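Okay, structure first, notes after.
Owing to the predicted nature of the structure, the values given are computational and were not obtained by experimental measurement.
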Amino acid sequence: MRASLLALAIGAFGIGTTEFVIVGLLPEVADDLSVSIPSAGMLVTGYALGVVVGAPLMTAAGARLPRKTMLVVLMAIFIAGNLLCALAGDYTALMGGRLIAALTHGAFFGIGSVVAADLVAPDRRASAIALMFTGLTLANVLGVPLGTFLGQEFGWRSTFWAVTGIGVVGLLGLIALVPAQPAPERGALRGELAVFRKPQVWLALTTTVLGFGGVFASFTYLAPMMTELAGFSDGAVAWLLVLFGVGLCVGNVLGGRAADRALMPSLYLILGGLCLVLVIFTFTSHAAVPAAITLAAFGAIGFATVPPLQARVMQQAAGAPALASAANIAAFNLGNALGAWLGGLAVAHGLGWTSPTWIGAGLAAAGLGTAALSGRLDRRSHGSHGSHGSHGSHGSRGSGESHGSTGPHPQSGAELPTAPLTNAPGAGYGTHPIVEQKSR
């Protein structure tokens with residue numbers, strides 16, 4: 001199990017590096033390709049929009065392939081996209097290479113999340129997802145700073161050559177370490193699409209867009225904010241990204257553990273904390289030491305959002321999570337695009353380098369609002385089915401209707417029985433007793 005999750009994390013490391021490293025190289029890319037920094041920032045937005053388009057399309061296209069096979073195909077396309085970036089001679093070619101790489105991003109993390117969840121017990125799924133996403137956080141601790149240093153010293157194209165090599169390692173790891181996955185049954189795609197009729201799935205996706213949009217509104221313009229306002233040198237940006245990445249690692253692990261214990265309360269707390277940290281960052285960004293401290297806190301709280309946001313969507317899409325999981329990765333990147341675009345718009349209109357962070361705080365607050373609405377609807381639904389759900393939770397153990405391990409109720413943290421995870425093509429994040437009763 002650990003080796004399989006490691007292989008998924010290696011792939012996530014490569015994808016995370018190529019997604020985020022461009023942030024530290026915006027000045028170099030802008031100078032070399034003779035474009036403005038806001039135009040270079042569109043490489044972030046373009047990648048994110050590529051993920052939004054690619055996530056559902058690539059997942060649907062591979063709906064009849066075994067999940068391991070699809071992950072291998074996606075990593076091969078990712079390698080081709082980064083190779084094109086390394087060979088790019090102009091802005092258009094670079095954007096094209098990033099779009100090709102981006103097409104694989106959402107489907108890889110979406111399908112990978114389902115595979116990771118399948119490898120562990122029901123009460124460990126958020127932690128398994130977090131372990132896979134550790135590759136993404138390590139990309140920020142190691143990949144992005146080293147890629148930034150490499151690009152500053154040897155030209156930004158050298159960074160994409162390095163990412164291409166990481167992709168090859170990830171491809172070999174997937175082939176060697178991930179166990180074979182069964183081919184989906186006929187009609188599985190229809191089941192995956194059916195979950196999008198649930199309002200709670202759309203609320204969860206909206207929460208992801210707004211919450212993670214708050215992270216990227218500020219993060220996209222981190223380099224100029226740290227050099228222009230906090231007074232750091234250009235060479236210090238790589239080390240600041242290391243600091244940010246350390247925060248990401250801590251936040252990702254803690255976010256996964258918190259989500260396993262009490263999903264919705266954790267989500268409320270994390271999104272509220274993100275809003276608060278971003279407001280504080282607008283003030284501390286004017287001095288080096290306070291800016292660095294707040295940056296680490298921003299990294300921690302920003303990526304603590306990832307496991308609960310992903311787990312929430314997979315929970316609401318129980319029984320057919322693959323496409324919904326990929327759609328949530330698209331939602332993360334739609335948030336990236338939205339935050340980067342709004343932040344760039346504010347900077348372009350002369351509102352200053354702290355304006356993207358103010359926008360980020362507003363987006364995080366809006367995400368908290370949609371999460372609260374989703375939780376309220378959950379409580380209302382749980383109350384209206386209270387007597388029915390109570391009968392299931394007490395009677396199922398004796399009747400044999402549910403033999404899985406217990407898992408926390410998403411609102412209160414109380415232990416309720418969950419159905420066992422199966423190897424059926426639609427099996428994923430687990431099934432709440434009420435969901436089982438409604439589906440009968």
Side-chain angles (χ1 to χ4, degrees), residues 23 48 137 140 203-222 225-226 229-230 243-244 247-248 250-259 262-287 290-313 328 331-347 351-378 410-411:
V23 172
T137 59
N140 285 275
L203 273 175
L205 293 172
T206 302
T207 301
T208 297
V209 171
L210 295 172
F212 214 65
V215 175
F216 253 72
S218 179
F219 178 67
T220 300
Y221 299 95
L222 182 64
M225 186 165 64
M226 292 294 95
L229 297 183
L243 184 63
F244 182 81
L248 293 189
V250 173
N252 184 60
V253 172
L254 294 180
R257 291 177 179 175
L263 179 55
M264 291 306 288
S266 299
L267 190 55
Y268 302 149
L269 182 63
I270 291 167
L271 288 173
L274 174 61
C275 181
L276 178 61
V277 168
L278 286 171
V279 170
I280 293 171
F281 201 16
T282 63
F283 297 99
T284 60
S285 60
H286 295 275
I293 294 172
T294 312
L295 180 62
F298 174 35
I301 196 71
F303 257 64
T305 62
V306 173
L309 287 171
Q310 186 72 358
R312 177 63 173 171
V313 168
N328 198 48
F332 276 113
N333 282 272
L334 183 58
N336 294 357
L338 176 66
W341 177 71
L342 290 175
L345 200 64
V347 171
L351 298 181
W353 292 115
T354 60
S355 58
T357 304
W358 280 112
I359 289 170
L363 289 172
L368 177 59
T370 58
L373 175 60
S374 180
R376 182 178 180 182
L377 292 176
D378 259 351
Q411 285 77 56

**Message:** Can a donor-acceptor pair be found, under 3.5 Å and without considering hydrogens, that links the side chain of Ser266 to the backbone of Ala258?
**Reply:** yes
**Prompt:** Does Tyr221 reach the main-chain N or O of Ala340 with its side chain, forming a donor-acceptor pair under 3.5 Å?
**Reply:** yes
How about [X] and [Y]: do any of their side-chain heavy atoms sit closer than 4.5 Å?
| X | Y | value |
| --- | --- | --- |
| Ser355 | Val347 | yes |
| Trp358 | Val279 | yes |
| Ile293 | Thr284 | no |
| Leu295 | Phe281 | yes |

Where [X] and [Y] come nearest, the two heavy atoms and their spacing:
| X | Y | answer |
| --- | --- | --- |
| Ala291 | Ala230 | CB-CB, 4.0 Å |
| Ser218 | Met225 | OG-CE, 4.0 Å |
| Ser285 | Met226 | CB-CE, 4.4 Å |
| Thr357 | Leu278 | CG2-O, 3.1 Å |
| Pro356 | Gly352 | CD-O, 3.7 Å |
| Pro265 | Ala262 | CD-O, 3.6 Å |

Nearest 0.5 angstrom please: [X] [atom1] to [Y] [atom2], how far?
| X | Y | atom1 | atom2 | result |
| --- | --- | --- | --- | --- |
| Phe303 | Phe298 | CZ | CZ | 9.5 Å |
| Thr207 | Leu373 | OG1 | CG | 8.5 Å |
| Asn328 | Arg312 | CG | CZ | 11.5 Å |
| Thr208 | Leu267 | OG1 | CG | 8.0 Å |
| Trp341 | Ile359 | CH2 | CD1 | 9.5 Å |
| Leu271 | Thr370 | CG | OG1 | 7.5 Å |

**Message:** Is it true that, when you exclude Trp353 itself, more than 12 heavy atoms of the residues, nucleotides or ligands shown sit nearer than 6.0 Å to its CH2?
**Reply:** yes
**Asked** Using 30° and 60° as the class limits, which term best fits the ring planes of Phe212 and Phe216: parallel, tilted or perpendicular?
**Response** tilted
